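This report concerns only the one structure given below.
Lettering follows sequence order; numbering is per chain, from 1. What you see is a predicted model; the values in this text were computed from it and never measured.
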Amino acid sequence: MKDTRPVPTLAPPINAWFHANARDLPWRRDGFSAWGTLVSEFMLQQTPVNRVIPKLEAWLERWPTPAALASVPASEAVRAWATLGYPRRALWLHAAAVQIDERHGGEVPDDVDELLALTGVGDYTARAVAAFAYGHRHPVVDTNTRRVIARAVAGQAEPAPPSRTRDLEAMEALLPDDRGEAAAFNAAIMELGAVVCAAKSPRCDVCPIRNVCAWRAAGYPAYDGPRKAMQKKYEGSDRQVRGLIMAELRSTHRPVTDAEVVSLWSDAAQRDRALAGLLADGLAVPAPSGGYLLPG
DNA sequence: CATACGTGGTG
DNA sequence: TCACCAAGTAT
C-alpha cells in the first residue's frame, strides 16, 4: 500500500544536528536499562534535567531493578526522592515497581498499553519508555516537541493547548519510517526544543532547521492565543504547607505529632487542608500511637 | 477540560 | 522582586 503520510523533511536535519550535539546524559549511555529509563522519566516529569541527574544516579545505585525498589517500603522511596518535588511521583514509582514485579516478572514492559496501566505512567512516559528503552516506533510528545512543531510547522510562537490526538498525529506525520531513525527523532526534537528552540530565548542563529521554519518565515509573529493560566504563587500556598509537612515527615522515622505540625504553619485551616490532602494522597498515614508517618 | 500538585533557577 | 519555566499525571 502507498504511504500517504507527508514527507518528514524535518527529521533528517534534526537527527543530524542531534548526532553531533546531543548532551551527554545518563539515560543516553550505552546499556542504560529500561528500568533506568522509566525512573528517569518519572523524575523528569516537571523537574529540570540538572536537578534530576544526581538523584537518578543515587536511586539506580540503590535500586538497580524494579524488584529492588518493590522490596522496600514506600517510605524509603519518598525519603530518597527528597526535594525533587511532587512527591506523589515517588509513591507512584514505587507502586509501578511493585506492579512490574507482580505482573511482568520484574521486567519493565515494552508495550504502550501495559506501560499505561502502571501507576503514574501517562501518555508521555509510556511512549518514551517504549521508544527510548525498546526502540519501538511510537510518536513521543512532550512540551518541547509541541513547541518545536508549533513553531517550525504551524508558524506559531507557542503551541495550542495540549490535545492528545492532535499532538500524536502531528508528531506521527513527521516520524521517519525507520525504527531507529524514529526513536532518534523523538529524542532529537525534544533536545532541540530544550536547548535551541527554547520557550524563552530561542537560539535561532544555531538552529538546524531555521531555513525551513514556518515561524521564522512568517517573521516571528507573537503568540496571539488565549492566555495560559497564571501559575499561583508558591509562598503562602497550600503547596508550601504540604512541602513543609513532607520535609518534617522525611526528617525522622518517628511519628510527627500534631503539635509539630501546628508549629510548622500558623493558619489552622490551611494546615488542615494540607494534612488532609497528604493523607488522602497516601503520602502520610496516621501512626498507631498518634501523629503521622510516611506510608509503608 | 481546568486544576492541583513541589521546588529551584532565571532574566 | 516576581513572573515564568521545567522530559506530566490524575481527577
Checking all strands, does [X] fall into the base, sugar-phosphate, or nothing category for heavy-atom contacts under 4.0 angstrom?
X	value
A:Arg147	sugar-phosphate
A:Met230	sugar-phosphate
A:Ile245	nothing
A:Thr47	base
A:Ala128	nothing
A:Thr145	nothing
A:Pro87	sugar-phosphate
A:Gly85	base
A:Val121	sugar-phosphate
A:Asp123	sugar-phosphate

Does [X] have a side-chain nitrogen or oxygen under 4.0 Å from the phosphate oxygens OP1 or OP2 of [N]?
X	N	result
A:Gln46	C:dG8	yes
A:Thr125	C:dT9	yes
A:Lys232	B:dA4	yes
A:Tyr234	B:dT7	yes

For atom [atom1] of [X] and atom [atom2] of [N], their distance in whole Å:
X	N	atom1	atom2	value
A:Asp167	C:dA7	CG	P	15 Å
A:Gln45	C:dA6	CD	P	16 Å
A:Glu191	C:dA6	CD	P	14 Å
A:Leu118	C:dT9	CG	C1'	13 Å
A:Tyr223	C:dC4	OH	P	13 Å
A:Phe42	C:dA6	CZ	C1'	18 Å
A:Glu158	C:dC4	CD	C1'	11 Å
A:Trp81	C:dG8	CH2	P	12 Å

Taking the basic N atoms (NZ, or NE/NH1/NH2) and the acidic carboxylate oxygens, is any pair closer than 4.0 Å for [X] and [Y]?
X	Y	value
A:Glu181	A:Arg137	no
A:Arg79	A:Glu76	yes
A:Arg254	A:Glu260	no

Between [options], spot the one nearest the side chain of [X], thanks.
X	options	answer
A:Arg242	C:dA7, B:dG6, B:dT7	B:dG6
A:Arg51	C:dT9, C:dA7, C:dA6	C:dA6
A:Pro48	C:dA7, C:dA6, B:dT7	C:dA6
A:Arg89	B:dT3, B:dG6, C:dC5	B:dG6
A:Arg23	C:dA7, B:dT3, B:dG8	C:dA7

Residue pair [X] / [Y], side-chain heavy-atom distance below 4.5 Å:
X	Y	value
A:Trp81	A:Arg250	no
A:Arg127	A:Asn186	no
A:Val141	A:Arg146	yes

Starting at the 5' end of DNA chain C and moving along, which residue's nearest nucleotide shows up first, A:Leu116 or A:Arg28? A:Arg28
Closer to the 5' end of DNA chain C via nearest nucleotide, is it A:Leu44 or A:Thr119? A:Leu44
Atom [atom1], compared across [N] and [M]: separation rounded to whole Å:
N	M	atom1	value
C:dC4	B:dT3	P	15 Å
C:dA10	B:dC1	C1'	13 Å
B:dG6	C:dT11	P	14 Å
C:dA7	B:dA2	C1'	22 Å

With DNA chain B as reference, determine whether A:Pro161 or A:Leu244 sits nearer its 5' end, using the nearest nucleotide of each. A:Pro161
Both A:Leu283 and A:Ser201 contact DNA chain B. Taking the nearest nucleotide for each, which residue is further toward the 5' end? A:Leu283
Looking at A:Ala34 and A:Tyr134, what are the two nearest heavy atoms and their distance? CB-OH, 3.3 Å
Answer yes or no: are there more than 12 heavy-atom neighbours, outside A:Arg28 itself, under 6.0 Å from its atom CZ? yes
When you compare the side chains of A:Tyr292 and A:Glu248, does any donor N or O come within less than 3.5 Å of an acceptor on the partner? no
What stems, by residue range, does DNA chain C take part in, given at least 3 consecutive Watson-Crick or G-U pairs under 3.5 Å? B:2-5 with C:8-11, B:7-11 with C:2-6
Show me, pair by pair, the donor-acceptor contacts under 3.5 angstrom made by side chains of residues 104-114 of chain A, not counting sequence neighbours?
residue, atom, partner, partner atom, Å
A:Asp110, OD2, A:His136, NE2, 3.3
A:Asp111, OD2, A:Asp113, N, 3.0
A:Asp111, OD2, A:Glu114, N, 3.0

